[in-house]
Participant: 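Structure provided below as structure tokens; questions to follow.
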Amino acid sequence: MWFREPTNLHVVWDDKLIDFQQLSYTEYTNAINFSTANQRQVWQKEPISEWLYESNQIAEKLYSEIVQNEQKLSYRYNYDHIAIVNNQLLKAGIRLAGLLNEIFG
């Protein structure tokens, strides 16, 4: 449940947590677009297998939390996890930019 609305964890992470911030795409990008040159270099050099492994580790942790705890998600869930959402969105954008630069020069 997300604020008394039936859903699943996939939708919570792909839509609900992001929408809950009530920011436009531009505002959201401006709010999280902070990385160092070193971070960008490291993230763009990591193989895709590392991206997948990292996502899998996060997903396993999240699913175990839901199984162990109440399945009613709201303000506290957002507070506890929004930093992970923001970090993963930032990494995804930087990694995708690196991949596109590699493909298209």
Side-chain angles (χ1 to χ4, degrees):
M1 300 292 285
W2 175 254
F3 289 94
R4 298 187 180 137
E5 178 186 331
T7 188
N8 62 53
L9 203 55
H10 183 79
V11 172
V12 168
W13 278 80
D14 280 0
D15 296 325
K16 304 293 186 186
L17 284 167
I18 295 167
D19 292 344
F20 189 70
Q21 307 319 301
Q22 298 181 342
L23 298 171
S24 70
Y25 294 127
T26 302
E27 291 169 327
Y28 210 133
T29 301
N30 291 336
I32 68 171
N33 193 17
F34 297 98
S35 63
T36 66
N38 186 54
Q39 284 174 316
R40 290 188 298 274
Q41 184 179 26
V42 168
W43 293 338
Q44 289 180 346
K45 287 188 178 193
E46 291 174 336
I48 292 176
S49 60
E50 178 64 27
W51 309 359
L52 297 170
Y53 178 76
E54 179 182 276
S55 294
N56 177 264
Q57 293 300 110
I58 292 169
E60 283 187 14
K61 178 182 176 287
L62 296 173
Y63 277 104
S64 71
E65 285 178 10
I66 294 298
V67 169
Q68 293 173 4
N69 299 319
E70 193 172 325
Q71 294 182 0
K72 295 178 182 173
L73 311 178
S74 62
Y75 297 103
R76 185 65 201 199
Y77 193 81
N78 175 75
Y79 178 80
D80 290 343
H81 295 89
I82 195 61
I84 296 169
V85 172
N86 293 343
N87 192 49
Q88 291 304 103
L89 286 171
L90 177 61
K91 282 182 177 181
I94 289 170
R95 288 168 168 167
L96 178 59
L99 187 61
L100 292 172
N101 287 340
E102 190 177 306
I103 292 169
F104 296 109

Participant: Are side-chain heavy atoms of N33 and N30 found at a separation under 4.5 Å?
Facilitator: no
Participant: With H81 as reference, evaluate L73, L62, N86 under the side-chain contact (heavy atoms from CB on, under 4.5 Å) test and give the passing residue.
Facilitator: L62
Participant: Using the test ring pair (Phe, Tyr, Trp, His ring centres under 6.0 Å), find all partners of Y53 that sit at least two apart in sequence or belong to another chain.
Facilitator: none
Participant: Step by step, work out the side chain to side chain contact (heavy atoms under 4.5 Å, CB included) result for N78 and Q21.
Facilitator: CA-CA 9 Å; N78 175 75; Q21 307 319 301; 2.7 Å; yes
Participant: When clusters are formed by joining ILVMFWY residues with side-chain heavy atoms under 4.5 Å apart, either directly or through shared neighbours, do L96 and I103 land in the same one?
Facilitator: yes
Participant: Going by heavy atoms in the side chains, are L89 and Y28 under 4.5 Å from each other?
Facilitator: yes
Participant: Check whether any side-chain N or O of R40 sits under 3.5 Å from a backbone N or O of S35 as a donor-acceptor pair, and report yes or no.
Facilitator: yes
Participant: Give a yes or no answer on whether the side chain of S55 reaches the backbone of L52 with a donor-acceptor pair at less than 3.5 Å.
Facilitator: no
Participant: If the threshold is 4.0 Å, N to carboxylate O, is there a salt bridge linking R95 and E54?
Facilitator: yes
Participant: Are the side chains of T29 and T26 in touch, meaning some heavy atoms are under 4.5 Å apart?
Facilitator: no
Participant: Does a side-chain heavy-atom distance below 4.5 Å link Y77 with I66?
Facilitator: yes
Participant: Checking Q44 side chain against A97 main chain: does a donor-acceptor pair fall under 3.5 Å?
Facilitator: no
Participant: If we only count heavy atoms from C-beta on, is the W2 to L17 side-chain gap below 4.5 Å?
Facilitator: yes
Participant: Would you say Y75 and F20 make side-chain contact, with heavy atoms under 4.5 Å?
Facilitator: yes
Participant: Are W13 and F3 joined in one hydrophobic group, where the rule is that I, L, V, M, F, W and Y side chains link up if heavy atoms are under 4.5 Å apart?
Facilitator: yes
